[in-house]
> 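Next up is a structure, given as C-alpha coordinates.
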Amino acid sequence: LPAGLSQWFPALEVLDVSGTGLAELGAELLALPRLHTLLAKNNRLGGPGSLPKGLGQAPVGRSLRVLNLSGNRFAEVPPALLGLRGLQSLSLGGNRLHGIPPEIQELRSLEFLYLGGNFITSIPPELANLPSLSYLVLCDNKIQSIPPQLAQLHSLRSLSLHNNLLTYLPREILNLVHLEELSLRGNPLVVRFVRDLTYNPPSLQELAGRTVKTRNVPYAPSDLPENLVRYLSLASNCPNPKCGGVYFDSCVRQIKFVDFCGKYRLPLMHYLCSPECSSPCSSASQSSTSQSESDSEDEASVAARRMQKVLLG
Amino acid sequence: FRYTRNLVDNGNGKFNLMILCWGEGHGSSIHDHTDSHCFMKILQGNLKETLFEWPEKKGNGEMTKKSERVLRENQCAYINDSIGLHRVENISHTESAVSLHLYSPPFDSCNTFDQRTGHKHKVKMTFYSQFGERTVCVSRRYPPHL
(Lines give C-alpha, C1' and ligand atoms only; values in the text may rest on other atoms or scores of the structure.)
Protein backbone atom coordinates (compact mmCIF):
# COMPACT_ATOMS: atom_id res chain seq x y z
CA LEU A 1 0.00 0.00 0.00
CA PRO A 2 1.34 3.46 -0.78
CA ALA A 3 2.91 5.21 2.20
CA GLY A 4 0.81 8.39 1.91
CA LEU A 5 -2.54 6.59 1.77
CA SER A 6 -4.10 8.07 4.91
CA GLN A 7 -2.85 11.55 4.10
CA TRP A 8 -4.17 11.62 0.54
CA PHE A 9 -7.52 9.90 1.29
CA PRO A 10 -8.41 10.61 4.90
CA ALA A 11 -12.12 10.12 4.20
CA LEU A 12 -11.69 6.67 2.63
CA GLU A 13 -14.58 4.35 3.58
CA VAL A 14 -14.17 1.36 1.30
CA LEU A 15 -10.87 -0.08 0.11
CA ASP A 16 -10.70 -3.04 -2.25
CA VAL A 17 -7.22 -4.40 -2.91
CA SER A 18 -8.38 -7.87 -3.92
CA GLY A 19 -6.36 -9.76 -6.49
CA THR A 20 -3.34 -7.48 -6.35
CA GLY A 21 -0.77 -9.96 -5.09
CA LEU A 22 -0.21 -8.16 -1.80
CA ALA A 23 1.83 -10.08 0.77
CA GLU A 24 1.20 -7.67 3.60
CA LEU A 25 -1.09 -4.84 4.65
CA GLY A 26 1.05 -2.32 6.44
CA ALA A 27 0.81 0.55 8.86
CA GLU A 28 -0.42 2.80 6.04
CA LEU A 29 -3.89 1.52 6.90
CA LEU A 30 -3.89 2.49 10.54
CA ALA A 31 -4.75 6.19 10.24
CA LEU A 32 -7.88 5.78 8.08
CA PRO A 33 -10.56 6.68 10.62
CA ARG A 34 -13.53 6.36 8.23
CA LEU A 35 -12.59 3.01 6.66
CA HIS A 36 -15.43 0.58 7.35
CA THR A 37 -14.91 -1.99 4.57
CA LEU A 38 -11.60 -3.60 3.65
CA LEU A 39 -11.57 -6.23 0.91
CA ALA A 40 -8.26 -8.03 0.38
CA LYS A 41 -9.36 -11.32 -1.21
CA ASN A 42 -7.11 -13.48 -3.35
CA ASN A 43 -3.76 -12.07 -2.36
CA ARG A 44 -0.60 -13.54 -0.82
CA LEU A 45 -1.38 -12.60 2.76
CA GLY A 46 -0.73 -15.12 5.48
CA GLY A 47 2.80 -14.80 6.76
CA PRO A 48 3.67 -13.06 10.02
CA GLY A 49 3.12 -9.34 9.74
CA SER A 50 0.40 -9.66 7.12
CA LEU A 51 -1.68 -7.26 9.17
CA PRO A 52 -0.20 -4.20 10.86
CA LYS A 53 0.58 -4.29 14.59
CA GLY A 54 -1.77 -2.29 16.75
CA LEU A 55 -4.63 -2.71 14.30
CA GLY A 56 -7.24 -3.02 17.03
CA GLN A 57 -6.21 0.17 18.81
CA ALA A 58 -5.69 2.35 15.75
CA PRO A 59 -8.41 4.64 14.32
CA VAL A 60 -9.05 2.14 11.54
CA GLY A 61 -9.50 -0.59 14.15
CA ARG A 62 -12.49 1.24 15.60
CA SER A 63 -14.12 2.03 12.27
CA LEU A 64 -13.72 -1.32 10.49
CA ARG A 65 -17.00 -3.23 10.09
CA VAL A 66 -16.32 -5.58 7.15
CA LEU A 67 -13.06 -7.46 6.54
CA ASN A 68 -12.66 -9.96 3.73
CA LEU A 69 -9.41 -11.93 3.68
CA SER A 70 -10.69 -14.92 1.71
CA GLY A 71 -8.47 -16.68 -0.78
CA ASN A 72 -5.19 -15.96 0.96
CA ARG A 73 -2.66 -18.16 2.77
CA PHE A 74 -3.47 -17.73 6.43
CA ALA A 75 -2.60 -20.84 8.47
CA GLU A 76 -4.01 -19.27 11.60
CA VAL A 77 -6.44 -16.47 12.36
CA PRO A 78 -4.12 -13.45 12.50
CA PRO A 79 -3.97 -12.25 16.13
CA ALA A 80 -3.87 -8.61 15.01
CA LEU A 81 -7.50 -8.75 13.93
CA LEU A 82 -8.79 -10.13 17.21
CA GLY A 83 -8.81 -6.60 18.62
CA LEU A 84 -11.41 -5.38 16.11
CA ARG A 85 -14.27 -4.98 18.55
CA GLY A 86 -16.53 -3.25 16.04
CA LEU A 87 -16.11 -5.81 13.26
CA GLN A 88 -19.44 -7.15 12.03
CA SER A 89 -18.38 -9.30 9.09
CA LEU A 90 -15.26 -11.44 8.74
CA SER A 91 -14.37 -13.76 5.94
CA LEU A 92 -11.37 -16.07 5.99
CA GLY A 93 -12.81 -18.52 3.46
CA GLY A 94 -10.41 -20.47 1.30
CA ASN A 95 -7.31 -20.11 3.44
CA ARG A 96 -5.25 -22.74 5.26
CA LEU A 97 -6.66 -22.51 8.77
CA HIS A 98 -6.34 -25.59 10.93
CA GLY A 99 -8.30 -24.22 13.84
CA ILE A 100 -10.17 -21.30 15.36
CA PRO A 101 -8.59 -19.56 18.35
CA PRO A 102 -10.78 -19.21 21.48
CA GLU A 103 -9.93 -15.49 21.38
CA ILE A 104 -12.40 -15.25 18.52
CA GLN A 105 -14.87 -14.37 21.25
CA GLU A 106 -13.25 -10.93 21.49
CA LEU A 107 -14.90 -9.92 18.20
CA ARG A 108 -17.96 -8.90 20.19
CA SER A 109 -19.84 -7.27 17.31
CA LEU A 110 -19.46 -10.12 14.84
CA GLU A 111 -22.64 -11.04 12.95
CA PHE A 112 -21.26 -12.80 9.90
CA LEU A 113 -18.36 -15.29 10.04
CA TYR A 114 -17.25 -17.17 6.94
CA LEU A 115 -14.63 -19.88 7.50
CA GLY A 116 -15.55 -22.28 4.69
CA GLY A 117 -12.88 -24.03 2.67
CA ASN A 118 -10.14 -24.43 5.27
CA PHE A 119 -8.70 -27.40 7.20
CA ILE A 120 -10.45 -26.76 10.49
CA THR A 121 -10.83 -29.90 12.62
CA SER A 122 -12.69 -28.61 15.65
CA ILE A 123 -14.69 -25.65 16.91
CA PRO A 124 -13.83 -23.97 20.21
CA PRO A 125 -16.81 -23.57 22.56
CA GLU A 126 -15.79 -19.90 22.93
CA LEU A 127 -17.30 -19.30 19.50
CA ALA A 128 -20.65 -19.49 21.25
CA ASN A 129 -19.81 -16.34 23.20
CA LEU A 130 -20.43 -14.11 20.18
CA PRO A 131 -23.79 -12.58 21.10
CA SER A 132 -24.74 -11.24 17.67
CA LEU A 133 -23.57 -14.05 15.43
CA SER A 134 -26.28 -14.72 12.84
CA TYR A 135 -24.53 -16.35 9.95
CA LEU A 136 -21.84 -18.98 10.48
CA VAL A 137 -20.22 -20.82 7.60
CA LEU A 138 -18.01 -23.81 8.39
CA CYS A 139 -18.53 -25.85 5.22
CA ASP A 140 -15.73 -27.68 3.43
CA ASN A 141 -13.55 -28.26 6.47
CA LYS A 142 -12.52 -31.33 8.48
CA ILE A 143 -14.78 -30.85 11.48
CA GLN A 144 -15.56 -34.01 13.43
CA SER A 145 -17.84 -32.67 16.12
CA ILE A 146 -19.81 -29.62 17.14
CA PRO A 147 -19.52 -28.41 20.74
CA PRO A 148 -22.95 -28.38 22.43
CA GLN A 149 -22.26 -24.80 23.54
CA LEU A 150 -23.02 -23.64 20.01
CA ALA A 151 -26.67 -23.96 20.98
CA GLN A 152 -26.17 -20.77 23.00
CA LEU A 153 -25.93 -18.75 19.79
CA HIS A 154 -29.48 -17.49 20.09
CA SER A 155 -29.12 -15.10 17.16
CA LEU A 156 -27.95 -17.78 14.78
CA ARG A 157 -30.10 -17.90 11.68
CA SER A 158 -27.90 -19.73 9.25
CA LEU A 159 -25.40 -22.53 9.91
CA SER A 160 -23.46 -24.11 7.11
CA LEU A 161 -21.76 -27.41 7.98
CA HIS A 162 -21.80 -29.28 4.68
CA ASN A 163 -18.80 -31.31 3.56
CA ASN A 164 -17.21 -32.03 6.91
CA LEU A 165 -16.54 -35.18 8.95
CA LEU A 166 -19.54 -35.11 11.28
CA THR A 167 -21.04 -38.42 12.32
CA TYR A 168 -23.57 -36.98 14.77
CA LEU A 169 -24.73 -33.71 16.23
CA PRO A 170 -25.18 -32.69 19.87
CA ARG A 171 -28.77 -32.88 21.08
CA GLU A 172 -28.58 -29.20 22.09
CA ILE A 173 -28.74 -28.21 18.46
CA LEU A 174 -32.53 -28.52 18.81
CA ASN A 175 -32.40 -25.41 20.99
CA LEU A 176 -31.52 -23.18 18.07
CA VAL A 177 -35.12 -22.17 17.51
CA HIS A 178 -34.26 -19.20 15.31
CA LEU A 179 -32.21 -21.27 12.92
CA GLU A 180 -33.63 -20.96 9.43
CA GLU A 181 -30.98 -22.71 7.42
CA LEU A 182 -28.86 -25.69 8.22
CA SER A 183 -26.73 -27.49 5.67
CA LEU A 184 -25.43 -30.94 6.57
CA ARG A 185 -24.88 -32.80 3.31
CA GLY A 186 -21.57 -34.45 2.64
CA ASN A 187 -21.04 -35.57 6.23
CA PRO A 188 -20.75 -39.22 7.20
CA LEU A 189 -23.76 -38.90 9.49
CA VAL A 190 -24.60 -42.09 11.29
CA VAL A 191 -27.54 -43.78 9.64
CA ARG A 192 -27.68 -46.96 11.64
CA PHE A 193 -27.17 -47.85 15.24
CA VAL A 194 -24.47 -50.24 16.19
CA ARG A 195 -25.93 -52.46 18.85
CA ASP A 196 -23.10 -52.96 21.20
CA LEU A 197 -23.54 -53.57 24.86
CA THR A 198 -20.74 -51.57 26.34
CA TYR A 199 -21.32 -49.72 29.54
CA ASN A 200 -18.72 -49.22 32.21
CA PRO A 201 -20.49 -49.63 35.57
CA PRO A 202 -20.15 -46.63 37.84
CA SER A 203 -17.39 -46.58 40.46
CA LEU A 204 -18.18 -46.69 44.19
CA GLN A 205 -17.31 -43.01 44.34
CA GLU A 206 -19.82 -42.28 41.63
CA LEU A 207 -22.54 -44.36 43.27
CA ALA A 208 -21.94 -42.59 46.59
CA GLY A 209 -21.98 -39.23 44.84
CA ARG A 210 -25.26 -40.03 43.12
CA THR A 211 -26.84 -41.02 46.42
CA VAL A 212 -25.68 -37.85 48.14
CA LYS A 213 -27.19 -35.75 45.37
CA THR A 214 -30.44 -37.53 44.75
CA ARG A 215 -31.27 -37.96 48.42
CA ASN A 216 -30.13 -34.44 49.26
CA VAL A 217 -27.81 -35.68 51.96
CA PRO A 218 -26.66 -32.46 53.62
CA TYR A 219 -22.96 -31.71 53.74
CA ALA A 220 -20.75 -28.73 54.35
CA PRO A 221 -17.35 -28.03 52.78
CA SER A 222 -15.77 -28.72 56.17
CA ASP A 223 -17.21 -32.25 56.19
CA LEU A 224 -15.34 -33.49 53.17
CA PRO A 225 -11.91 -33.29 51.56
CA GLU A 226 -11.77 -30.48 48.98
CA ASN A 227 -11.50 -32.85 46.03
CA LEU A 228 -14.75 -34.57 46.98
CA VAL A 229 -16.56 -31.27 47.47
CA ARG A 230 -15.47 -30.37 43.97
CA TYR A 231 -16.50 -33.75 42.64
CA LEU A 232 -19.99 -33.39 44.07
CA SER A 233 -20.36 -30.00 42.40
CA LEU A 234 -19.82 -31.56 38.98
CA ALA A 235 -22.99 -33.64 39.03
CA SER A 236 -24.91 -33.46 35.77
CA ASN A 237 -28.63 -33.91 35.66
CA CYS A 238 -29.91 -36.78 33.63
CA PRO A 239 -31.74 -35.25 30.67
CA ASN A 240 -34.53 -37.81 30.94
CA PRO A 241 -37.39 -35.68 32.30
CA LYS A 242 -38.86 -38.66 34.14
CA CYS A 243 -35.61 -39.36 35.94
CA GLY A 244 -34.41 -37.17 38.73
CA GLY A 245 -31.02 -38.86 38.62
CA VAL A 246 -27.61 -37.37 38.24
CA TYR A 247 -24.37 -38.73 36.89
CA PHE A 248 -20.73 -37.81 37.14
CA ASP A 249 -18.45 -39.70 34.79
CA SER A 250 -20.30 -42.87 34.13
CA CYS A 251 -22.97 -42.27 31.59
CA VAL A 252 -24.42 -43.86 28.58
CA ARG A 253 -23.88 -42.17 25.27
CA GLN A 254 -26.82 -42.80 23.09
CA ILE A 255 -27.58 -41.81 19.58
CA LYS A 256 -31.17 -41.01 18.92
CA PHE A 257 -32.55 -40.09 15.58
CA VAL A 258 -34.65 -36.99 15.72
CA ASP A 259 -36.87 -35.62 13.06
CA PHE A 260 -35.78 -32.12 12.25
CA CYS A 261 -38.64 -29.99 10.98
CA GLY A 262 -40.61 -33.20 10.68
CA LYS A 263 -38.77 -34.32 7.59
CA TYR A 264 -35.15 -35.21 8.15
CA ARG A 265 -33.76 -37.63 10.67
CA LEU A 266 -30.61 -36.40 12.31
CA PRO A 267 -28.45 -38.48 14.62
CA LEU A 268 -28.10 -36.62 17.89
CA MET A 269 -25.95 -37.74 20.75
CA HIS A 270 -26.78 -37.27 24.37
CA TYR A 271 -25.92 -38.68 27.74
CA LEU A 272 -28.17 -40.63 30.06
CA CYS A 273 -27.43 -41.57 33.63
CA SER A 274 -28.08 -45.26 33.18
CA PRO A 275 -29.25 -47.76 30.63
CA GLU A 276 -32.67 -47.76 32.24
CA CYS A 277 -33.22 -44.14 31.32
CA SER A 278 -34.78 -43.30 28.02
CA SER A 279 -34.20 -40.47 25.69
CA PRO A 280 -35.81 -37.09 26.36
CA CYS A 281 -36.10 -36.22 22.69
CA SER A 282 -39.86 -36.53 22.62
CA SER A 283 -40.46 -33.02 21.33
CA ALA A 284 -39.62 -34.13 17.82
CA SER A 285 -42.16 -35.58 15.49
CA GLN A 286 -43.31 -39.02 16.54
CA SER A 287 -44.89 -40.07 13.30
CA SER A 288 -42.65 -41.88 10.92
CA THR A 289 -43.54 -40.23 7.64
CA SER A 290 -40.91 -42.04 5.63
CA GLN A 291 -42.02 -45.59 6.14
CA SER A 292 -39.34 -47.13 4.02
CA GLU A 293 -36.51 -45.68 6.10
CA SER A 294 -34.78 -48.66 7.64
CA ASP A 295 -33.68 -46.79 10.76
CA SER A 296 -37.23 -46.71 12.04
CA GLU A 297 -37.16 -50.45 12.55
CA ASP A 298 -33.91 -50.08 14.52
CA GLU A 299 -35.40 -47.43 16.75
CA ALA A 300 -38.61 -49.27 17.41
CA SER A 301 -36.87 -52.39 18.58
CA VAL A 302 -34.36 -50.78 20.88
CA ALA A 303 -35.47 -51.57 24.40
CA ALA A 304 -34.71 -49.26 27.27
CA ARG A 305 -32.08 -51.63 28.58
CA ARG A 306 -30.08 -51.76 25.37
CA MET A 307 -27.12 -49.48 25.05
CA GLN A 308 -25.60 -48.20 21.91
CA LYS A 309 -22.00 -47.54 21.29
CA VAL A 310 -21.28 -44.30 19.56
CA LEU A 311 -20.30 -45.02 16.03
CA LEU A 312 -17.31 -42.88 15.39
CA GLY A 313 -15.67 -42.13 12.08
CA PHE B 1 -28.32 -16.23 3.59
CA ARG B 2 -28.89 -18.59 0.73
CA TYR B 3 -29.09 -18.21 -3.03
CA THR B 4 -31.90 -15.94 -4.21
CA ARG B 5 -34.32 -16.46 -7.11
CA ASN B 6 -35.29 -13.27 -8.84
CA LEU B 7 -38.05 -13.39 -11.44
CA VAL B 8 -37.40 -11.26 -14.49
CA ASP B 9 -40.15 -12.26 -16.93
CA ASN B 10 -43.04 -14.71 -16.90
CA GLY B 11 -43.61 -14.79 -20.67
CA ASN B 12 -47.41 -14.51 -20.54
CA GLY B 13 -47.55 -17.72 -18.56
CA LYS B 14 -45.42 -19.73 -21.02
CA PHE B 15 -42.10 -19.58 -19.20
CA ASN B 16 -40.28 -18.24 -16.17
CA LEU B 17 -37.08 -16.30 -16.72
CA MET B 18 -35.16 -15.65 -13.54
CA ILE B 19 -31.76 -14.65 -12.22
CA LEU B 20 -30.23 -16.63 -9.38
CA CYS B 21 -27.62 -15.02 -7.14
CA TRP B 22 -25.31 -17.38 -5.29
CA GLY B 23 -23.13 -16.26 -2.41
CA GLU B 24 -19.90 -18.04 -1.56
CA GLY B 25 -20.56 -21.67 -0.63
CA HIS B 26 -24.25 -21.54 -1.55
CA GLY B 27 -25.73 -24.62 -3.16
CA SER B 28 -29.10 -26.03 -4.06
CA SER B 29 -30.54 -29.33 -2.98
CA ILE B 30 -30.80 -32.19 -5.47
CA HIS B 31 -33.98 -31.47 -7.37
CA ASP B 32 -36.12 -32.39 -10.36
CA HIS B 33 -37.78 -30.07 -12.85
CA THR B 34 -41.44 -31.04 -12.76
CA ASP B 35 -41.60 -32.13 -16.41
CA SER B 36 -40.31 -28.77 -17.71
CA HIS B 37 -37.37 -27.72 -19.82
CA CYS B 38 -34.66 -25.97 -17.86
CA PHE B 39 -31.96 -23.81 -19.45
CA MET B 40 -29.22 -22.22 -17.40
CA LYS B 41 -26.54 -19.71 -18.37
CA ILE B 42 -23.74 -18.50 -16.15
CA LEU B 43 -23.59 -14.72 -16.09
CA GLN B 44 -20.89 -14.32 -13.48
CA GLY B 45 -18.55 -16.63 -11.60
CA ASN B 46 -18.72 -20.44 -11.79
CA LEU B 47 -21.27 -23.04 -10.80
CA LYS B 48 -20.72 -26.76 -10.30
CA GLU B 49 -23.48 -28.99 -11.61
CA THR B 50 -23.65 -32.57 -10.30
CA LEU B 51 -26.03 -34.92 -12.14
CA PHE B 52 -27.74 -37.76 -10.28
CA GLU B 53 -29.73 -40.80 -11.39
CA TRP B 54 -33.34 -40.96 -10.27
CA PRO B 55 -33.49 -43.09 -7.13
CA GLU B 56 -35.03 -46.57 -7.35
CA LYS B 57 -38.70 -46.74 -6.37
CA LYS B 58 -37.92 -48.82 -3.30
CA GLY B 59 -34.46 -47.34 -3.06
CA ASN B 60 -32.99 -46.80 0.33
CA GLY B 61 -29.39 -46.07 -0.29
CA GLU B 62 -27.08 -43.30 -1.31
CA MET B 63 -28.06 -41.70 -4.61
CA THR B 64 -25.88 -42.39 -7.62
CA LYS B 65 -23.83 -39.55 -9.09
CA LYS B 66 -23.78 -39.61 -12.87
CA SER B 67 -21.32 -36.82 -13.58
CA GLU B 68 -20.21 -33.40 -12.49
CA ARG B 69 -18.80 -30.37 -14.23
CA VAL B 70 -17.96 -26.76 -13.51
CA LEU B 71 -19.76 -24.30 -15.72
CA ARG B 72 -17.81 -21.14 -16.49
CA GLU B 73 -19.02 -17.64 -17.34
CA ASN B 74 -21.27 -17.56 -20.42
CA GLN B 75 -21.57 -21.35 -20.57
CA CYS B 76 -25.04 -22.83 -20.92
CA ALA B 77 -26.59 -26.03 -19.62
CA TYR B 78 -29.88 -27.80 -20.16
CA ILE B 79 -31.73 -30.40 -18.15
CA ASN B 80 -35.14 -32.05 -17.93
CA ASP B 81 -36.53 -34.93 -15.90
CA SER B 82 -35.67 -37.56 -18.51
CA ILE B 83 -32.01 -36.58 -18.25
CA GLY B 84 -31.96 -36.84 -14.49
CA LEU B 85 -31.68 -34.76 -11.34
CA HIS B 86 -29.04 -32.26 -10.41
CA ARG B 87 -27.49 -30.19 -7.67
CA VAL B 88 -26.09 -26.78 -8.53
CA GLU B 89 -23.58 -25.11 -6.23
CA ASN B 90 -21.19 -22.21 -6.02
CA ILE B 91 -18.15 -23.97 -4.63
CA SER B 92 -16.06 -20.82 -4.48
CA HIS B 93 -15.24 -19.41 -1.07
CA THR B 94 -14.18 -16.09 -2.53
CA GLU B 95 -16.49 -15.27 -5.43
CA SER B 96 -20.24 -15.01 -5.77
CA ALA B 97 -22.00 -16.29 -8.89
CA VAL B 98 -24.99 -15.25 -10.97
CA SER B 99 -26.98 -17.45 -13.34
CA LEU B 100 -29.89 -16.94 -15.72
CA HIS B 101 -32.57 -19.63 -15.78
CA LEU B 102 -35.38 -20.29 -18.21
CA TYR B 103 -38.08 -22.80 -17.30
CA SER B 104 -40.77 -23.78 -19.74
CA PRO B 105 -43.54 -24.39 -18.87
CA PRO B 106 -43.21 -22.50 -15.61
CA PHE B 107 -43.51 -24.46 -12.34
CA ASP B 108 -43.69 -23.42 -8.74
CA SER B 109 -43.00 -26.66 -6.98
CA CYS B 110 -40.53 -29.47 -7.39
CA ASN B 111 -39.11 -32.38 -5.44
CA THR B 112 -35.91 -32.20 -3.44
CA PHE B 113 -33.98 -35.38 -2.71
CA ASP B 114 -31.88 -36.50 0.26
CA GLN B 115 -28.58 -37.67 -1.20
CA ARG B 116 -28.08 -40.25 1.57
CA THR B 117 -31.37 -42.03 1.14
CA GLY B 118 -33.01 -40.97 -2.12
CA HIS B 119 -36.14 -39.90 -0.30
CA LYS B 120 -37.96 -37.06 -1.96
CA HIS B 121 -39.90 -34.21 -0.56
CA LYS B 122 -42.06 -31.75 -2.44
CA VAL B 123 -41.21 -28.10 -1.97
CA LYS B 124 -42.81 -24.91 -3.12
CA MET B 125 -40.38 -22.59 -4.86
CA THR B 126 -40.42 -18.97 -3.83
CA PHE B 127 -38.96 -15.82 -5.29
CA TYR B 128 -36.75 -13.39 -3.44
CA SER B 129 -37.89 -10.69 -5.85
CA GLN B 130 -40.15 -10.35 -8.86
CA PHE B 131 -39.64 -7.77 -11.61
CA GLY B 132 -37.26 -5.88 -9.35
CA GLU B 133 -39.53 -5.80 -6.31
CA ARG B 134 -38.73 -7.69 -3.14
CA THR B 135 -41.21 -10.50 -2.43
CA VAL B 136 -42.07 -10.83 1.23
CA CYS B 137 -42.20 -14.43 2.46
CA VAL B 138 -45.49 -15.71 3.77
CA SER B 139 -43.94 -18.39 5.92
CA ARG B 140 -40.45 -18.14 7.36
CA ARG B 141 -40.18 -21.72 8.43
CA TYR B 142 -39.14 -24.23 5.82
CA PRO B 143 -37.14 -27.42 5.97
CA PRO B 144 -33.42 -26.93 6.08
CA HIS B 145 -31.43 -27.86 3.03
CA LEU B 146 -29.40 -30.85 3.92
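Every chain is numbered from 1, with letters handed out A, B, ... down the list of sequences. Values reported hereafter were calculated over all heavy atoms of this structure, with side chains retained and with hydrogens, waters and symmetry mates removed.
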> Does atom NZ of B/Lys66 have more than 12 heavy-atom neighbours, drawn from other residues, nucleotides or ligands, at distances under 6.0 Å?
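Yes, because the 6.0 Å sphere around NZ of B/Lys66 holds more than 12 heavy atoms from other groups.
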
> Less than 4.5 Å to any heavy atom of chain A: does that hold for the side chain of B/Glu89, its backbone, both, or neither?
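For B/Glu89, the side chain is the part near chain A, not the backbone.
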
> A/Cys139 versus B/His93: any side-chain heavy-atom pair under 4.5 Å?
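Yes - at least one pair of side-chain heavy atoms lies under 4.5 Å apart.
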
> What's the separation between atom OG in A/Ser158 and atom CZ in B/Arg2, rounded to the nearest 0.5 Å?
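That separation rounds to 9.5 Å.
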
> How about B/Phe107: does its CZ atom have over 12 heavy atoms from other parts shown lying under 6.0 Å from it?
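More than 12 within 6.0 Å, yes.
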
> Side chain, backbone, both or neither: which part of A/Asn118 has an atom under 4.5 Å from a heavy atom of chain B?
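For A/Asn118, no heavy atom lies under 4.5 Å from chain B.
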
> Identify every side-chain donor-acceptor pair in residues 40-53 of chain B under 3.5 Å, counting partners at least two apart or on other chains, and give the distances.
unit_1, atom_1, unit_2, atom_2, d
B/Glu49, OE1, B/Arg69, NE, 3.0
B/Glu49, OE1, B/Arg69, NH2, 3.0
B/Glu49, OE2, B/His86, ND1, 2.7

> Which heavy atom in B/Thr94 sits nearest to a heavy atom in A/Gly93, and how many Å separate them?
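So the minimum-distance heavy-atom pair works out to CG2-O, 4.5 Å.
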
> When rounded to the nearest 0.5 angstrom, what is the spacing between OG in A/Ser183 and NE2 in B/His26?
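Going from OG on A/Ser183 over to NE2 on B/His26, the span is 9.0 Å.
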
> Can B/Glu95 and A/Lys41 be counted as an ion pair, charged N to O under 4.0 angstrom?
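Looking at A/Lys41 together with B/Glu95, the answer is yes, because their closest N to O distance falls below 4.0 Å.
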
> Rounded to the nearest 0.5 Å, what separates atom CZ in A/Arg185 from atom CD1 in B/Ile30?
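Here the interatomic distance stands at 8.5 Å.
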
> To the nearest 0.5 Å, tell me how far A/Asp140 CG sits from B/Glu24 CD.
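Rounded to the nearest 0.5 Å, the CG-CD separation comes out at 12.5 Å.
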
> Using the salt bridge (charged side-chain N to carboxylate O under 4.0 Å, His left out) rule, collect all pairs that involve residues 27-39 of chain B, keeping only residues at least two apart or in two chains.
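Passing the test, one end in residues 27-39 of chain B: no pairs.
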
